[in-house]
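Below is one structure, written out as structure tokens, with a few remarks after it.
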Number of protein chains: 2
Amino acid sequence: MKVTERKSEIITIASQLFREKGYSAITMRDIAQAMDIKAASLYNHIKSKQEILVLIIIEIAEEFTTVMNQIVSSEVSSIEKIKKVIHLHIDITLRNPDALACLNNDWMHLEDKDLNYFLKMRTDYEENFRKIVKQGIASEQIKNLNQEVIIFSTLSTLRTLYLWYNKAKSLNDKVLKNDLEEILLKGIV
Amino acid sequence: MKVTERKSEIITIASQLFREKGYSAITMRDIAQAMDIKAASLYNHIKSKQEILVLIIIEIAEEFTTVMNQIVSSEVSSIEKIKKVIHLHIDITLRNPDALACLNNDWMHLEDKDLNYFLKMRTDYEENFRKIVKQGIASEQIKNLNQEVIIFSTLSTLRTLYLWYNKAKSLNDKVLKNDLEEILLKGIV
DNA sequence: ATAGTAAACTAACAATTGTTAGTTAAAATT
DNA sequence: AATTTTAACTAACAATTGTTAGTTTACTAT
């Protein structure tokens with residue numbers, strides 16, 4: 001199933017619009033207008049509004065899943081694994097901030113098997129992260145604080161990176177990675 | 001302008017529904033059904049769908065604004081101020097997780113002066129937080145890392161606390177405050 | 001040149017949207 | 001007891017929604 005030029009234009013523009021007002025608030029006419037065509041013309045390229053959402057979200061989710069699996073099964077310390085997770089989020093966010101916003105805010109509008117597939121990936125991702133943290137606490141590389149609090153405080157920051165994209169853009173990619181690592185691992189004090 | 005019993009019921013139920021699918025995806029008929037009445041009956045209590053959104057969001061935003069102003073002008077160290085900000089977020093989140101989700105996800109559907117008012121409060125809030133961090137760096141209580149990265153990593157976690165409400169609920173309020181303080185200030189390593 | 005394809009168009013649809021008007025029944029106030 | 005208020009109802013509206021059908025236009029391959 002080849003993704004044509006025009007089709008990926010739709011996905012890009014839809015991501016931007018979905019990001020601004022959410023999937024439900026954006027109409028096919030909005031998307032069409034942003035592309036300077038009529039709403040009906042969109043259907044030459046995509047099969048439904050829902051398909052656009054699926055294409056935006058699932059690809060990103062799969063990338064997270066793939067790389068997280070590699071990280072978990074790699075032979076490095078827990079701390080190094082967490083650093084890799086931080087880099088993963090920064091990389092994807094800088095490359096695709098709108099799609100990430102959409103993934104974060106509109107995943108619940110996925111339907112049927114796409115929704116289930118997404119939720120499975122999300123749960124697995126968190127479970128993998130939990131594994132890393134557990135391992136880190138067991139090996140005393142990570143402080144023995146409440147595990148869930150560690151997980152959510154870290155993931156919260158990583159998942160909402162897209163909100164700070166504009167500031168992050170003006171930052172050097174290296175500085176961002178470095179300072180974020182430092183803050184998430186060693187705190188601000 | 002007194003808020004009647006029934007009116008606050010609508011606000012509570014609407015918050016829950018908005019949280020699940022977003023403002024745009026929830027219809028007046030959805031809200032009515034959840035209250036076991038007809039959509040038209042809602043208009044005996046509220047003047048529009050938009051008014052519901054305003055009532056949900058603005059009250060919370062004003063509470064953040066008020067308390068943040070108190071914190072900034074209090075005579076304690078930067079670290080103590082940040083601790084107070086952490087407690088502020090935890091307190092409001094535990095008390096009102098649905099409204100907070102709504103504030104985070106649906107603020108862009110506010111209109112005209114309500115939108116401007118909200119954005120002003122949000123900017124001021126961030127500016128106040130920035131002041132605290134600046135002061136902390138200047139007095140060498142806070143590490144000299146990129147200021148914006150410190151701000152966004154902290155606020156990201158605090159703003160999405162509502163996502164972890166269920167886990168947080170099972171936690172002791174004191175433990176949550178303590179561990180979150182520790183993590184945000186001194187890191188996990 | 002001819003035929004085929006890609007991608008736009010117009011027109012229209014059935015369903016759903018927020019909201020209003022007018023009515024009714026019960027509760028509260030006079 | 002009479003009146004007003006509260007809060008529900010039914011019915012309907014005009015606008016907007018995602019989508020389909022059928023048509024047209026221009027480029028591509030034969």
Side-chain angles (χ1 to χ4, degrees), chain A residues 1-58 102 105-115, chain B residues 1-58 102 105-115:
Chain A
M1 191 161 37
K2 148 151 166 273
V3 176
T4 65
E5 186 87 12
R6 207 78 174 119
K7 189 162 180 174
S8 50
E9 266 185 78
I10 294 175
I11 294 166
T12 303
I13 290 200
S15 301
Q16 291 165 11
L17 296 176
F18 290 167
R19 178 187 183 159
E20 284 170 29
K21 318 193 93 187
Y23 176 74
S24 301
I26 296 298
T27 69
M28 294 302 277
R29 285 165 181 82
D30 291 332
I31 299 172
Q33 192 174 37
M35 300 194 64
D36 243 316
I37 59 177
K38 301 290 172 180
S41 307
L42 292 168
Y43 289 85
N44 286 313
H45 308 282
I46 48 101
K47 103 177 190 308
S48 66
K49 188 188 180 190
Q50 174 72 199
E51 193 203 13
I52 301 177
L53 186 68
V54 173
L55 290 172
I56 293 172
I57 293 181
I58 297 295
C102 188
N105 302 322
D106 288 320
W107 60 265
M108 72 286 281
H109 298 114
L110 291 172
E111 292 168 1
D112 309 325
K113 48 186 181 13
D114 292 309
L115 179 57
Chain B
M1 193 159 39
K2 148 152 166 273
V3 177
T4 66
E5 185 89 10
R6 207 79 175 117
K7 189 163 180 173
S8 50
E9 267 186 76
I10 293 175
I11 294 166
T12 303
I13 290 202
S15 301
Q16 292 165 12
L17 296 176
F18 291 167
R19 179 189 182 156
E20 284 169 28
K21 318 193 92 185
Y23 177 74
S24 301
I26 295 298
T27 71
M28 295 301 279
R29 285 165 182 82
D30 290 333
I31 299 171
Q33 193 173 39
M35 300 194 65
D36 244 315
I37 59 177
K38 301 290 173 178
S41 306
L42 291 168
Y43 289 85
N44 286 313
H45 309 282
I46 48 101
K47 101 178 192 306
S48 64
K49 187 187 180 191
Q50 174 70 200
E51 193 203 12
I52 301 177
L53 186 67
V54 173
L55 290 172
I56 293 172
I57 294 181
I58 297 295
C102 187
N105 303 322
D106 288 322
W107 62 265
M108 72 286 281
H109 298 114
L110 291 171
E111 293 169 1
D112 309 324
K113 47 189 181 11
D114 292 310
L115 180 57

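By convention in this document, chain letters (A, B, ...) are assigned in the order of the sequence lines, proteins followed by strands, and residues within each chain are numbered from 1. None of the values given here were measured: they were computed from a predicted structure.
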Can you check side-chain contact (heavy atoms from CB on, under 4.5 Å) on A:Ile57 and A:Asp114, steps first, answer last? CA-CA 10 Å; A:Ile57 293 181; A:Asp114 292 309; over 6 Å; no

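Every residue two or more places apart in sequence or in another chain that forms a side-chain hydrogen bond (donor to acceptor under 3.5 Å, both in side chains) with B:Glu9 is listed here: B:Arg6. Applying the side chain to side chain contact (heavy atoms under 4.5 Å, CB included) rule to B:Ala40 yields no partners; only residues at least two apart in sequence or on another chain are considered. Every residue was checked against the salt bridge (charged side-chain N to carboxylate O under 4.0 Å, His left out) condition with B:Glu111, not counting sequence neighbours, and none meets it. With sequence neighbours excluded, the residues satisfying side-chain hydrogen bond (donor to acceptor under 3.5 Å, both in side chains) with A:Asp30 are A:Thr27. Among residues two or more places apart in sequence or in another chain, the ring-ring contact (aromatic ring centres under 6.0 Å, His included) test is passed with B:Tyr23 by B:Phe18, B:His109.
Across the protein-nucleic acid pair, A:Met35 atom CE and C:dA7 atom C1' stand 11 Å apart, rounded to whole Å.
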Every protein N/O within reach of nucleotides 6-8 of chain D N/O, cut-off under 3.5 Å:
residue	atom	partner	partner atom	Å
D:dA8	OP1	B:Arg6	NE	2.7
D:dA8	OP1	B:Arg6	NH2	3.0
D:dA8	OP2	B:His45	NE2	2.5
D:dA8	N7	B:Asn44	ND2	2.4

Can you name the atoms? Protein N/O to nucleotides 14-20 of chain D N/O, anything below 3.5 Å, with the distance.
residue	atom	partner	partner atom	Å
D:dG18	OP1	A:Ile26	O	3.4
D:dG18	OP1	A:Lys49	NZ	3.0
D:dG18	OP2	A:Met28	N	2.9
D:dG18	N7	A:Arg29	NH1	2.9
D:dG18	O6	A:Arg29	NH2	3.0
D:dT19	OP2	A:Tyr43	OH	2.6
D:dT19	OP2	A:Lys49	N	2.8
D:dT19	O5'	A:Tyr43	OH	3.2

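Judged as a side chain to side chain donor-acceptor pair (under 3.5 Å), not a single pair has a partner in residues 34-46 of chain B (not counting sequence neighbours). For the salt bridge (Lys or Arg N to Asp or Glu O under 4.0 Å) condition, the pairs that include at least one residue of residues 15-29 of chain A, sequence neighbours left out, are A:Arg19-A:Asp98.
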